[in-house]
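See structure below.
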Amino acid sequence: MAGVGGLNAAEQRELQGRMEQKQMKDFMNMYSNLVQRCFNDCVNDFTTKSLLGKEESCVMRCVDKFLKSSERLGERFQEQNAQMAQQGGMNAGR
Amino acid sequence: MAGVGGLNAAEQRELQGRMEQKQMKDFMNMYSNLVQRCFNDCVNDFTTKSLLGKEESCVMRCVDKFLKSSERLGERFQEQNAQMAQQGGMNAGR
Amino acid sequence: MAGVGGLNAAEQRELQGRMEQKQMKDFMNMYSNLVQRCFNDCVNDFTTKSLLGKEESCVMRCVDKFLKSSERLGERFQEQNAQMAQQGGMNAGR
Amino acid sequence: MSFLFGGGRPQPSSAEKIAAAEAEIEMVSNMFNQLVDTCTKKCIPNQYREADLNKGESVCLDRCVAKFFEVNVKVSEKMQGEAQQRQGGAMGGGGGSMFG
Amino acid sequence: MSFLFGGGRPQPSSAEKIAAAEAEIEMVSNMFNQLVDTCTKKCIPNQYREADLNKGESVCLDRCVAKFFEVNVKVSEKMQGEAQQRQGGAMGGGGGSMFG
Amino acid sequence: MSFLFGGGRPQPSSAEKIAAAEAEIEMVSNMFNQLVDTCTKKCIPNQYREADLNKGESVCLDRCVAKFFEVNVKVSEKMQGEAQQRQGGAMGGGGGSMFG
């Protein structure tokens, strides 16, 4: 995530403001993807109006697993990103 | 859709303007999802350049069904949303 | 892509600025869809940490094919769009 | 889905006109993106044995574009017809009109 | 995923309040779009033999909405609980709260 | 796809610089989202028998990230090479360069 270097202080503030909005949107997107995925994989019985016990526990395990998975992927992603930046990435001249 | 309470009149106007743009985008997204879905499900013969009769009628039924389905889902969604708001949702203290 | 007619010079400039940003986003979206698609279709072995030779060559062919395919689709899209505009599209009165 | 249709608004401001033009261009661009997505899935098998498009794939892509436009015209006509029926023809700006 | 949670910020500006309200409305709207996507896939077979919803499809859609909300409540509660555990209850505005 | 490449533009304004930085961050963020989507589909079976990641799933995720980056590097190199061939190396700002 280099490349933000060319901005002055005011520009950095403006950018940071937008990033906070983006963070909120990202969180919401993550949340709704999570719900959609776990709903899709765990809820398949539409003969009842309320969640079955096994559907609910499947959803809970799915959420847990997805969050742990995302966290692990986040760590690896940061590592790889840092490694690329160190190697000068693909456009060393920048 | 509670939570808009904390805005003054000018802020409400600004928000409304953005919501109108959003409505236009939502309509367009709905439209293109509809087209993509019905195209995907109904058009599978690429030995001809023009729509076959049965493809066209499938698309028309697909559109009808999708719109009716969305309308029904919209009604249920509103009901559930209203019900949640009445129950104080999940953060009653707000 | 008609319909931009009603704008004055300042509005056209503003629109163009936004379109340039949009073009950058479009390119990035295209790029990441391309990566995701080719990764999905070509990389299925997670017993190793590095790309296998056959995975890499599959990805390269996939990228080539996808770019050629997008280019051809772009040409046909422009043709059809031009044809529709000539026929007055669907709202001739506009 | 009628709750998604916007009402008519008089005398658009400069910002509104730009937003409408932007939305129109965005719609065409979205349509192209969906076309690429749909037609490559329909016409390009996912084994990628060769880097070039072969004859069969090329012809399939061309026909896919033609059919995709035809479906867009049919669906757009159908929805405009229904919107006019419901609203007495008072449908606003960029609403149901795809090909301006 | 804790790196995605924003910290608390004092006294929101006008632009921030509008952005927060916009984000909240957008979340409800996204939720509806996902509901449409999910429930039509679960309940409407893709042959389209008839233009109308039949009884079975209609009932399936209604139950799908009910279950979709129930899942949202459960997931939201779970995540709020975890966020409070991690952050000592200092979770900011539009973060984990879906139904305001 | 050459019609998607922007031309070079001289002396970016403040708004343009912010937009470029924003686009760059957004690209990294999109890439992460796609990584999550792709790698969880590849590595996490959708039965969810247990709440924890098991050993096999964890190792699969790690390798998936490594391969995903490798694919990004290969594809990015390939496209930069082709863009330079076509345009004589005059490719603008955020165009084909992913890892800045």
Side-chain angles (χ1 to χ4, degrees), chain C residues 1-8 10-19 21-23 25-26 29-30 33-34 37-38 40-42 54 57-81 83-94, chain D residues 12-33 35-41 43-54 57-70 72-74 76-77 80 91 93-100:
Chain C
M1 277 214 239
V4 190
L7 304 180
N8 64 33
E11 291 164 353
Q12 297 243 14
R13 258 197 311 282
E14 166 68 18
L15 182 62
Q16 208 202 329
R18 298 204 196 175
M19 285 308 105
Q21 276 182 248
K22 184 174 160 35
Q23 229 175 18
K25 276 190 194 169
D26 278 348
N29 283 337
M30 188 276 296
N33 285 337
L34 176 59
R37 178 181 203 124
C38 295
N40 256 326
D41 288 343
C42 294
K54 67 174 182 182
S57 56
C58 176
V59 167
M60 294 295 106
R61 286 193 304 270
C62 172
V63 169
D64 263 330
K65 198 159 230 174
F66 186 82
L67 293 178
K68 280 168 192 160
S69 167
S70 298
E71 197 156 18
R72 187 172 190 110
L73 289 169
E75 288 164 16
R76 292 300 157 271
F77 186 81
Q78 307 270 27
E79 287 167 16
Q80 290 270 3
N81 230 2
Q83 205 179 310
M84 299 232 56
Q86 239 182 356
Q87 291 172 5
M90 297 172 33
N91 5 327
R94 223 163 146 192
Chain D
S13 72
S14 205
E16 285 174 340
K17 276 159 67 187
I18 292 174
E22 208 179 349
E24 195 166 346
I25 292 175
E26 198 159 318
M27 177 151 213
V28 175
S29 151
N30 282 350
M31 189 185 157
F32 178 65
N33 292 335
L35 178 82
V36 171
D37 187 44
T38 302
C39 292
T40 49
K41 273 182 194 141
C43 296
I44 313 290
N46 55 7
Q47 289 93 33
Y48 312 107
R49 301 237 172 88
E50 51 200 5
D52 285 314
L53 292 175
N54 65 37
E57 290 165 345
S58 303
V59 173
C60 180
L61 289 173
D62 294 352
R63 287 172 179 158
C64 186
V65 176
K67 287 198 170 193
F68 194 81
F69 267 82
E70 213 182 327
N72 263 287
V73 171
K74 301 284 184 202
S76 183
E77 282 173 352
Q80 281 187 311
M91 179 100 181
S97 61
M98 258 230 67
F99 309 102

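Quick caveat, the model's predicted, so the values are computed rather than measured. Reminder, nothing fancy here: chain letters follow the sequence lines and each chain counts from 1.
- Using a 4.5 Å cut-off between heavy atoms, C:Lys22 touches chain D through its side chain atoms alone.
- Going from atom CD of D:Glu57 over to atom NZ of C:Lys68 covers 10.5 Å, rounded to the nearest 0.5 Å.
- For D:Ser58, the parts sitting under 4.5 Å from any heavy atom of chain C are the backbone and the side chain alike.
- When the candidates C:Ser57, C:Cys58, C:Ser69 are compared by the number of heavy-atom contacts under 4.5 Å with chain D, C:Ser69 comes out ahead.
- Taking a cutoff of 4.0 Å between a charged side-chain nitrogen and a carboxylate oxygen, C:Glu79 and C:Arg76 qualify as a salt bridge.
- Rounding to the nearest 0.5 angstrom, the gap separating the CG atom in D:Asn46 from the OG1 atom in D:Thr40 is 10.5 Å.
- D:Ala66 is linked by a side chain to side chain contact (heavy atoms under 4.5 Å, CB included) to B:Lys49, C:Gln80, counting only residues two or more places apart in sequence or in another chain.
- With hydrogens and angles disregarded, a donor-acceptor distance shorter than 3.5 Å links the side chain of C:Glu11 to the backbone of C:Asn8.
- In this structure, no portion of C:Cys38 lies under 4.5 Å from any heavy atom of chain D.
- With respect to chain D, the highest number of heavy-atom pairs below 4.5 Å among C:Met19, C:Glu14, C:Arg37 belongs to C:Arg37.
- D:Gln47 touches chain C through its backbone: at least one of N, CA, C or O sits under 4.5 Å from a heavy atom, while the side chain does not.
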